[in-house]
There are 2 protein chains.
Amino acid sequence: MPLNNPTLETPVTTADKVFDSILHAIVDGEIVSGSKISEPELAKHYQISRSTLREALNRLEKCHLIERKANVGSRVVECSIESLLEIYIVRESLEGMACRQAALHMSDNEIDDMKAMLEQHACAQDLKDGVAYYQEEGDLDFHYKVILGSHNQQLINILCGQLYHLVRMYRCQFGMNSPRAYRAFNEHSRIIEAISERDGELAELLMRRHIAASRKNIEAKILLSLSESKIDSAQ
Amino acid sequence: MPLNNPTLETPVTTADKVFDSILHAIVDGEIVSGSKISEPELAKHYQISRSTLREALNRLEKCHLIERKANVGSRVVECSIESLLEIYIVRESLEGMACRQAALHMSDNEIDDMKAMLEQHACAQDLKDGVAYYQEEGDLDFHYKVILGSHNQQLINILCGQLYHLVRMYRCQFGMNSPRAYRAFNEHSRIIEAISERDGELAELLMRRHIAASRKNIEAKILLSLSESKIDSAQ
DNA sequence: TGGCACAAGATTGTCGACAATTTATTTCGA
DNA sequence: TCGAAATAAATTGTCGACAATCTTGTGCCA
C-alpha cells in the first residue's frame with residue numbers, strides 16, 4: 001500500500017480512510033465503473049454521515065475517479081478504450097518529461113536505488129511466478145521512482161496524485177497482463193542507463209517509446225478482439 | 001469570463017459561485033499567496049455556512065490553488081520561482097503533446113477559427129494599446145484553443161481544469177507582461193501553420209520551443225533581477 | 001393510446017451545533 | 001528568567017436536520 005502511495009501521508013481523518021476504501025473498491029471494480037453513487041446508501045454502508053462521505057467523494061473527484069453534476073449526483077467514471085488511450089497519450093508526454101528531468105536532477109543514490117530495484121526485478125523475472133509480480137507492482141514501482149526522481153512537484157502531483165489511480169483501475173478492470181514483460185524489462189534497463197548517463201534527451205525519448213509501445217500494444221489487442229467479435233457475430 | 005472557462009459550465013450552486021469568487025480573489029492576489037485561510041472568517045465574509053465554504057475550498061484544492069493539512073487547515077499556495085518554472089516544464093510537455101494531437105484531430109473548421117483569431121490578434125497588435133490585450137487574453141485564448149483542439153479529454157481536464165488557473169495566478173502576481181509579444185505572435189503563426197498541414201511532429205516541436213522560450217525568458221529575467229539586487233545591496 | 005401537467009418521492013445542497021484536534025496562553029518549578 | 005506541563009481558546013472534523021432540486025409515478029385530456 002505505501003509502495004503505491006509514496007507521496008500521500010497516512011490517512012488520519014475518517015474521511016481519509018473512507019476515501020482509501022472507496023478508492024480501492026473502485027480500482028478493483030467492486031464498485032462498477034459507470035455506476036451511479038448513492039450518497040445515503042454509501043454513507044450507511046460505511047457507518048458515517050453524508051458530510052464525511054462527501055468529503056471522501058471530493059477527493060475521489062480530484063483523482064478523476066468519479067464525476068459530479070450539480071443537483072444530480074456522482075458517477076464512477078466510465079471505463080472506455082478511448083479514455084484509456086487518452087491516458088496513455090498524457091502519460092507518454094508527462095512521464096517522458098519526468099524522465100528527462102530525472103536524468104537531470106536525480107541524485108546518485110536514487111539512481112543506485114533504481115539499479116538495485118531493476119536487478120531485483122530481473123531475479124523475480126527468472127522465477128516464472130514472479131512475472132505477474134513484476135508486471136503488477138514492479139512496473140508501477142519503476143515508473144513511480146522515475147516520476148519522483150524528476151524532483152518536479154507539479155509533475156509528481158499530477159502523475160502520482162491523480163493519474164496513477166486511473167492507471168491502476170484500468171489495469172485491474174481490463175486485466176492488462178500483457179506479454180510485454182521481458183520487453184518492458186529491457187526498456188526499463190535502457191531508460192535507467194540513459195538517466196545514469198545524465199542524457200535527458202535520450203531518457204525522454206526512450207520513456208516515450210516505452211509508453212507508446214504499451215499503447216500500441218493495447219490498440220493492436222483491441223483491433224484483434226474487434227475483428228474476432230466480427231467473425232463471431234458472422235457465424 | 002467564459003473565454004477563460006470554455007470547459008466549465010456556468011456556476012449553479014452557491015458553492016460554485018463562492019468558488020469562482022475566491023478563485024478570482026486568489027488569482028488577482030487579493031488573497032495573498034501563502035496566507036492561511038480561516039474557514040469561519042471566509043464563511044462570514046461570503047455569508048455562507050462553513051459546509052458550503054468547505055465545498056468551495058475542495059474545488060480550489062483541485063486546482064492546486066490551496067493546500068490542506070488534516071486538522072490544521074488550508075493555505076493559499078506559495079508563489080515561488082521554482083514552482084513557476086516547474087509549471088512551465090509541465091506545460092512544455094503537455095501542451096506540446098496537445099499540439100501534436102490537435103494537428104491530428106482538429107477539424108478544418110476549428111483550424112479556420114484559429115486562423116481567424118490570429119488575424120484578429122494581428123490587427124489588435126497594430127493598435128499599440130492592443131498589445132496588452134494580446135498578451136493577456138489573446139495568448140491564453142490561443143493556448144486554450146490548441147488544447148481543446150487536441151480532443152483529448154484527459155489533456156483538457158488537466159490543462160484547462162487545473163493548471164491554467166495557476167498560470168493565470170502567476171501572470172497576475174508576477175506581472176508577466178514580457179516583451180515577447182511580437183515574437184510570440186510569430187511563433188503562434190508557425191504553430192497554426194504546422195497544425196494546418198497536419199504535421200503533428202513539427203507542431204509539438206514548435207509548441208515546446210514556444211513554451212520553453214517563455215520559460216527561459218523568465219529564467220533570464222530572474223537572473224537579471226538577482227544580479228541587480230546584488231548590486232543594489234552592494235551599494 | 002400517446003403525451004403533457006401535476007404531485008409524490010427521493011436525492012442533493014446547505015445549515016447550525018457538537019466533538020476532536022491543534023494552537024495559544026498561563027502557571028509552575030528549576 | 002527560562003522551559004515545560006497544564007489549561008484555555010480557537011480551529012477543524014463530523015453529525016443530523018431542513019431546504020432546494022431533480023426524478024419517478026399518476027392522472028387527465030386531446
Side-chain angles (χ1 to χ4, degrees), chain A residues 5 8-26 30-78 161, chain B residues 5 8-26 30-78 161:
Chain A
N5 272 331
L8 259 58
E9 54 270 16
T10 53
V12 37
T13 178
T14 64
D16 283 328
K17 294 169 196 162
V18 173
F19 162 72
D20 278 357
S21 293
I22 304 181
L23 172 68
H24 201 274
I26 291 179
E30 294 166 27
I31 300 180
V32 186
S33 93
S35 64
K36 177 152 173 30
I37 286 178
S38 162
E39 290 185 5
E41 190 182 317
L42 260 189
K44 202 175 70 182
H45 179 267
Y46 286 104
Q47 306 270 36
I48 56 174
S49 79
R50 267 186 58 230
S51 315
T52 306
L53 177 72
R54 282 164 69 86
E55 186 70 35
L57 291 184
N58 270 317
R59 291 177 215 182
L60 289 168
E61 200 184 359
K62 253 174 258 170
C63 307
H64 299 264
L65 284 173
I66 71 173
E67 287 166 348
R68 279 174 67 189
K69 258 191 287 189
N71 288 317
V72 173
S74 313
R75 305 195 78 90
V76 182
V77 289
E78 196 83 49
Chain B
N5 271 333
L8 258 60
E9 54 270 15
T10 54
V12 39
T13 179
T14 63
D16 284 327
K17 294 169 195 162
V18 173
F19 162 73
D20 279 356
S21 294
I22 304 180
L23 172 68
H24 201 273
I26 290 179
E30 293 166 26
I31 300 180
V32 186
S33 93
S35 64
K36 177 151 174 28
I37 287 178
S38 161
E39 290 185 6
E41 191 182 317
L42 260 188
K44 201 176 70 181
H45 180 267
Y46 285 105
Q47 306 269 37
I48 56 174
S49 79
R50 266 184 59 226
S51 314
T52 306
L53 177 72
R54 281 163 69 86
E55 185 70 36
L57 292 184
N58 270 316
R59 293 178 212 183
L60 290 168
E61 199 185 358
K62 256 173 254 173
C63 307
H64 299 262
L65 284 173
I66 71 173
E67 288 166 347
R68 279 174 66 190
K69 259 191 285 188
N71 288 317
V72 173
S74 315
R75 306 195 77 89
V76 182
V77 289
E78 195 83 50

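The sequence lines fix the lettering, A, B, ..., with proteins before strands; numbering per chain opens at 1. Values below: every heavy atom of this structure, side chains too, minus hydrogens, waters and symmetry copies.
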A:Ser49 side chain: which of C:dC15, D:dC15, C:dT12 is closest? D:dC15

When you match B:Val72 and A:Pro40 each to their closest nucleotide on DNA chain C, which lands nearer the 5' end? A:Pro40

Nearest-nucleotide check on DNA chain D, B:Val12 vs B:Glu39; residue mapping nearer the 5' end is B:Glu39

Does B:Lys44, at its NZ atom, have more than 12 non-hydrogen atoms belonging to other residues, nucleotides or ligands within less than 6.0 Å? no

Expressed as a whole number of angstroms, how long is the span from A:Lys44:NZ to D:dG16:C1'? 16 Å

Using a 4.0 Å heavy-atom cut-off across all strands, classify B:Ile37 as base, sugar-phosphate, or nothing. sugar-phosphate

Mapping B:Ser74 and A:Ala70 onto DNA chain D by nearest heavy atom, which one lands closer to the 5' end? B:Ser74

Whole Å only: how far is the NZ atom of B:Lys69 from the P atom of C:dT21? 18 Å

Here the distance between atom P of C:dG13 and atom CZ of B:Arg59, to the nearest Å, is 8 Å

How about B:Thr52 and B:Tyr46: do any of their side-chain heavy atoms sit closer than 4.5 Å? no

Answer yes or no: side-chain N or O of A:Thr14 and base N or O of D:dG13 forming a donor-acceptor pair under 3.5 Å. no

Figure out the OH/P separation between B:Tyr46 and C:dC15, and round it to whole Å. 15 Å

Any N or O donor-acceptor pair linking the side chain of B:Arg68 to the base of D:dG13 at under 3.5 Å? no

What is the distance from CZ of A:Arg50 to P of D:dC18, rounded to the nearest Å? 14 Å

Please check this pair: side chain of A:Arg75 against backbone of A:Gly34, looking for a donor-acceptor N/O pair closer than 3.5 Å. yes

For the pair made of CD in A:Gln47 and P in D:dG16, what is the distance, rounded to whole Å? 10 Å

Rounded to whole angstrom units, what separation is found between the CG atom of B:Asn71 and the P atom of D:dT14? 8 Å

Inspect the surroundings of CD in B:Glu41 and state if more than 12 heavy atoms from other residues, nucleotides or ligands are less than 6.0 Å away. no

Counting side-chain heavy atoms from CB outward, which of D:dG13, C:dT14, C:dT11 is closest to A:Thr13? D:dG13

Sugar-phosphate only, base, or nothing, as touched by A:Thr52 at under 4.0 Å among non-hydrogen atoms: sugar-phosphate

Side chains of A:Leu65 and A:Ile22, heavy atoms from C-beta outward: is any pair under 4.5 Å? no

C:dG13 OP1/OP2 closer than 4.0 Å to side-chain N/O of A:Arg54: yes

Check: A:Ser51 side chain, D:dG13 base, donor-acceptor under 3.5 Å: no

Using OP1 and OP2 only, check whether a side-chain N or O of A:Lys36 sits under 4.0 Å from C:dT12. yes

Atom pair distance, as rounded to whole Å: CG in A:Leu42 and P in C:dT12: 10 Å

